[in-house]
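Read through the structure below, which is laid out as C-alpha cells, and then see the notes.
A quick note: this is a predicted structure, and the numbers were derived from the prediction, not measured. In what follows, chains are A, B, ... by sequence order, proteins preceding strands, each numbered from 1.
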There are 2 protein chains.
Amino acid sequence: MAHACKWRLPPRYTRLVTASPSTSPAADRRRDGSLKQAPADAPLRERKKRRTRQALIDAALEQFTQRGFGGVTLDELCDEVEVSKRTFFRNFTSKEDVAMAPLQDFWTAFLEELQISRPDGGPLLELARDALLSAVDRVADEEWAHRTLLSLRLAEQTPSMHAHSLHFCDRTTQAALEILHRRFNLDNRGDPRPRLAADMLVAAFRYALTGWAVQAARTSEPTSARPPAKQELATRFREAVVALPATLTMTVAPRRTNS
Amino acid sequence: MAHACKWRLPPRYTRLVTASPSTSPAADRRRDGSLKQAPADAPLRERKKRRTRQALIDAALEQFTQRGFGGVTLDELCDEVEVSKRTFFRNFTSKEDVAMAPLQDFWTAFLEELQISRPDGGPLLELARDALLSAVDRVADEEWAHRTLLSLRLAEQTPSMHAHSLHFCDRTTQAALEILHRRFNLDNRGDPRPRLAADMLVAAFRYALTGWAVQAARTSEPTSARPPAKQELATRFREAVVALPATLTMTVAPRRTNS
DNA sequence: GCATTTATGCCACTCAGTGGCACATGCCTG
DNA sequence: CAGGCATGTGCCACTGAGTGGCATAAATGC
C-alpha cells in the first residue's frame, strides 16, 4: 500500500508523453543505422530514460526562455517534469548542461562523422569541413533547429551558459585532434597546424551559428514555410570556410582612407 | 576599546605585506605612464585594495595548486588572507575568476594595445599580432609568468576554470571586434573575416600558451637562469601565426600512404 | 515467478554566491 | 584639525546548486 501511494504515476506526466516517440516522428527516425542515432528498438528502460532526458531538455529550454536562466530553480524545473533533482543530475552535469544539450549532440555527431571520414589526400580543412557538413545534415532537423535556436539565445544572455558552450567546442576540438592523430598520424605537439585548423573550423561554424540565429530570429514565423534550417546553416558555414584564405590577407586602414 | 579588539591587524597579515610594493619591485613598476598599469602614486585606499586583491590571487593559486581547486573552500581561502568572503566577491566574480586573474590581465592589456595601435594599411592579422606582442612585452614579467603557469596548469585540470578561461578569450575577441569596428569601420555583420581573424589570433596565442606551459613545466628550475618567459612566449606565438597560411593548405592522407 | 541489475526518489549535507546593515577608515573641506 | 562624506569591509542570514547514501520500484534475465 505504501508503494502505491508513494510511487504513483505523476499527474503531470503529459510532458513526458508529448515528448515520447509516439508524437515526435522525427525524433526517433534513423538514417542508416550505422550511427547510434536514436535506437527505436532499444530496450524499454533506455527509451524511458531518453524520454525523461528529452523532457527535461524541452522543459528547461522553455522555462529558461520564459523566465530567464537565473529565474528558474532546478527544483521548479524538476517539479515541472515530475522528476527528482537527483535524477536530473544523473542525466546532466549542471544546470547549464541541460540547456546546451542540442549543441552537444551536434558536436558528438561531428566527431562520429570525422571518425568515419575517408581521407583522399586533399586538404585537412576540407575533410573536416565535410565531416561537419555531414553532421549538420544528420542532426539538424527542424526540431533540433528549434531547440538550438532557444539554446543559442539563452547562451548569449547567460555568461555561464556561454562559457560551457565554449567548453564543449574546445573539448570537441581536442577530441577531433586525437581522432586525427590516431587515424592519420598527425603531429599535434610540434606542429601547430592541426590545432589551428580545428580552431578555424570551429570559428567558422560558430560564425555560421550566430548568423543563422539572428536570421532565424528575424523571421518571425515559427515553423512556417521557410528554407530548411539545415540548408541555411550549411550555406553560412560554407561561406565562412571559403572566407578563411581572404581572412589572412585582409588589410585595414585608418577610418578616413587618406592616400 | 571595542574597535581596537575587533579591528586589530590580523596576525597572519604577512602575506599582504610580502605582496606589497615594498618586496615586489616589478609589481608596481610602470613603463611610460600612458597605460593604467599599477599606479604607485594612487591613493592609499586603492593601493590597499590592490594588495588584498593580489594576496587573494597568490593565496588562491598556491592553495589550489597544493590541494586542488575543489579541495579548497572559499572560507578557507579567505581565512588564509584574513579577509571576509564578502570582500572576496567584491574583488572577483567567482571562485574560478580569482585563479584566472593573470590571463585576464593579459587580455585586458591586449585590448589596450589594440586601442592605441596604428594601422598602416597592412594586413589586419599583423596589426592584431603586433598588439598582442606588445601586450606580452608589457605584462609578461617573471612574476606574471609564474602566476600564469600555475593558472594554466589549474585550468587544464579543472573544467570549470577552463570554461571560464575560454569565456575570457571570447569576450576579448568580442571587445576587439568592437574596437576594430569603431576605429576602422570594419563590418562585423556581413563579413566573416574580422571575426575569423580574431579567432585565429586567439587560437595561435592559446597554442603558444600551452606549448610554453609544458616547456616551462619540463624545465624544473623554478626561477633560475632560463630565457625570459616573455621571449619564449612571443617566439611560440610568432611561429603559430606564421603557420596560419600553411594550415589552410595542409593535406592529410590515410595512415599507410598507399598511392 | 524469482534474482539481478538499473534507475529513481528521498534526505541530509556542503558550499558557492547574494543582500542588507553596521562600522571602520581613508579622504576632503571648512 | 575636526567633523562630514565616501568607500571598503565584516558579519549574518539566506538561497540554490550539486553530492552521497540508502531504500525502493521497475525492467531484465533466468
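At whole-Å resolution of the value, CZ in B:Arg53 and C1' in D:dT9 are 17 Å apart. The distance from atom CE of A:Met161 to atom C1' of D:dA17 is 16 Å, rounded to the nearest whole Å. Between the CZ atom of B:Arg51 and the P atom of D:dT9 there is a distance of 11 Å, given to the nearest Å. The CD atom of A:Glu76 sits 7 Å away from the P atom of D:dG16 (whole-angstrom rounding). D:dT7 atom C1' lies 16 Å from atom CZ of B:Arg50, rounded to whole Å. One atom, CG of B:Leu56, and another, C1' of D:dG8, lie 14 Å apart when rounded to the nearest Å. Between the P atom of D:dA27 and the CZ atom of A:Arg47 lies a distance of 11 Å, rounded to the nearest Å. Taking atom CG on A:Asp79 and atom P on C:dT8, their separation rounds to 16 Å, with Å as the unit.
Across all non-hydrogen atoms, the minimal contact from A:Gln115 to A:Arg183 is O-NH1, 2.7 Å. Heavy-atom minimum distance, A:Leu103 versus A:Leu152: CD1-CD2, 3.8 Å.
The side-chain heavy atoms of B:Lys48 and B:Arg51, taken from C-beta on, include a pair separated by under 4.5 Å.
Once rounded to the nearest 0.5 Å, the distance linking SG of A:Cys78 with CG of A:Leu56 reads 6.0 Å. To the nearest 0.5 Å, atom OG of residue A:Ser151 and atom CD1 of residue A:Ile57 are 9.5 Å apart.
Below 30°, between 30° and 60°, or above 60°: for A:Trp212 and A:Trp144 the angle between ring planes is below 30°, a parallel geometry.
Contacts between residues 86-99 of chain A and DNA chain C, defined by a heavy-atom separation below 4.0 Å, involve A:Arg86, A:Thr87, A:Arg90, listed by number. For DNA chain C, the neighbouring residues in residues 68-75 of chain B, judged by any heavy atom under 4.0 Å, are B:Val72, B:Thr73, B:Leu74.
Residues satisfying the side chain to side chain contact (heavy atoms under 4.5 Å, CB included) criterion with A:Ala135, sequence neighbours excluded, are A:Phe106, A:Ala109, A:Phe110, A:Glu113.
A salt bridge links A:Asp170 with B:Arg206: at least one charged nitrogen is closer than 4.0 Å to a carboxylate oxygen.
Looking only at atom types and distance, the side chain of A:Arg153 has no donor-acceptor partner in the side chain of A:Gln157 under 3.5 Å away.
Closest to the A:Lys48 side chain, of the nucleotides D:dA17, D:dA26, D:dG10, is D:dA26.
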